[in-house]
> 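Below you'll find the structure I mean.
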Amino acid sequence: MRGLTGAGPTARTFQAAIAAVAALAAVALLVSACSTGGTGARDEGPAHADSVVGAASTRSPDPSPEPSAGRPRVDPVLLVKEDPQVSPSVKQDLQPCVGDEYPVDVSYGDLTGGSAEDVVVNVLTCGDAVGVGSYVYHEQDGAYANVFAAEESPVYAEIDRGDLVVTKQVYEKDDPVSSPSGEVVITYSWIAGRFVQRDLHRTEYSTAVGSGGAAAPESG
């Protein structure tokens, strides 16, 4: 199940699964291009800048579901339950889904420029894996302090090349959980000791069906 992790240090994370799937997809794409005699280049347009070698060489490395060598894992459940900035409702609902597996995603990376990696924790629901709370913890004097919290569900936070990217699903009345009307993606940068909003992008999903039979997203 997505997002399930144990309360202890051997927890598997959602980010690790995504990374594995992405790696397999990349290998499959390369094999397909070679077998058809193609060059592997995209025909529909130029590749994204992130795919160019060296394009992000000055940015922070990609986040990891595991801390770097020599750094201990944190207990995300303990962090959330002992955090006074986390709402009582999130703490109360944070219960094991199966056995000792909690619906929590964890990633490690550099967001604040400190000597230790920052920790991003997403708390999800068991049934639908809907994000109910996203938090960033920064190590200070041997302890972790909450430096960011978002609890406007559905919400999900992740590290993108040194920035904090928070995605919030937008639902209109009667929208099912599986079909939001759109989403808002907010990018934060760490400036002068706090996260400052740097960008906001809202995407509205059209309900109109085109000639191809597929609904097209509308960016706004």
Side-chain angles (χ1 to χ4, degrees), residues 1-19 21 63-67 73-109 111-112 117-138 144-160 163-188 190 194-195 197 199-205:
M1 180 179 289
R2 172 191 172 186
L4 290 186
T5 183
T10 59
R12 297 179 59 188
T13 62
F14 173 62
Q15 285 78 7
I18 289 298
V21 172
S64 169
E66 302 289 343
R73 292 185 186 181
V74 302
D75 183 336
V77 176
L78 188 63
L79 274 181
V80 170
K81 286 187 175 290
E82 293 188 349
D83 185 353
Q85 296 189 50
V86 175
S87 68
S89 61
V90 171
K91 293 180 180 180
Q92 181 176 355
D93 292 340
L94 182 53
Q95 302 295 331
C97 297
V98 179
D100 64 347
E101 299 293 315
Y102 285 79
V104 175
D105 283 351
V106 187
S107 60
Y108 300 80
L111 285 170
T112 65
E117 290 173 311
D118 302 299
V119 184
V120 177
V121 179
N122 288 286
V123 179
L124 314 171
T125 61
C126 285
D128 301 313
V130 173
V132 296
S134 299
Y135 312 95
V136 177
Y137 293 94
H138 171 69
Y144 282 95
N146 185 326
V147 292
F148 180 88
E151 296 180 333
E152 301 84 8
S153 180
V155 62
Y156 195 89
E158 53 193 334
I159 303 172
D160 183 8
D163 289 329
L164 177 65
V165 178
V166 179
T167 301
K168 299 179 180 181
Q169 300 296 323
V170 178
Y171 290 88
E172 302 295 341
K173 185 178 180 180
D174 299 328
D175 280 348
V177 173
S178 60
S179 300
S181 295
E183 69 177 15
V184 174
V185 179
I186 308 173
T187 301
Y188 297 89
W190 185 259
R194 65 189 183 95
F195 283 106
Q197 180 178 315
D199 183 65
L200 185 150
H201 181 77
R202 181 185 178 99
T203 299
E204 299 287 348
Y205 299 114

> Which pair of non-hydrogen atoms, one from Lys91 and one from Val86, has the smallest distance, and what is that distance?
CE-O, 3.5 Å
> Quick one: closest heavy-atom pair of Leu94 and Pro103, and the distance?
CD1-CD, 4.1 Å
> Side chains of Tyr135 and Glu151: does their closest heavy-atom pair fall under 4.5 Å?
yes
> Not counting sequence neighbours, which residues clear side-chain contact (heavy atoms from CB on, under 4.5 Å) with Ile186? List them please.
Lys168, Val184, Tyr188, Gln197, Leu200
> Output the distance between atom CD (Glu101) and atom SG (Cys126), rounded to the nearest 0.5 Å.
10.5 Å
> To the closest 0.5 Å, what do you measure between CD (Glu172) and OH (Tyr205)?
13.0 Å
> Is there side-chain contact between Trp190 and Asp118, with at least one heavy-atom pair below 4.5 Å?
no
> Within a 6.0 Å radius of atom CD on Gln95, are there more than 12 heavy atoms belonging to other residues, nucleotides or ligands?
yes
> Between Asp163 and Thr187, do the side chains contain an N or O donor and an N or O acceptor separated by less than 3.5 Å?
no
> For residues Phe148 and Val120, determine if any side-chain heavy atom of one lies less than 4.5 Å from a side-chain heavy atom of the other.
no
> For the residue pair Pro176 and Tyr171, what are the closest heavy atoms and their distance?
O-CE2, 3.1 Å
> Please round to the nearest 0.5 Å and tell me the distance separating atom OG1 of Thr112 and atom CD of Glu117.
10.5 Å
> Can you measure from OH (Tyr137) to CG (Asp83) and round to the nearest 0.5 angstrom?
3.5 Å
> Just jot down the side-chain contact (heavy atoms from CB on, under 4.5 Å) partners of Val132, sequence neighbours excluded, or say none.
Val123, Thr125, Ser153
> Any chance you could measure Tyr144, atom OH, to Leu78, atom CG, to the nearest 0.5 Å?
12.5 Å
> Can you tell me how far the NE2 atom of His138 sits from the CG atom of Asn146, to the nearest 0.5 Å?
12.0 Å
> If you compare all heavy atoms of Ser107 against all heavy atoms of Ile159, which two are closest, and at what distance to 0.1 Å?
OG-CD1, 4.2 Å
> Taking all heavy atoms of Ala150 and all of Val155, pick out the closest pair and write down the distance.
O-CG1, 3.7 Å
> Is there a side-chain contact between Pro180 and Asp175 (heavy atoms, below 4.5 Å)?
no
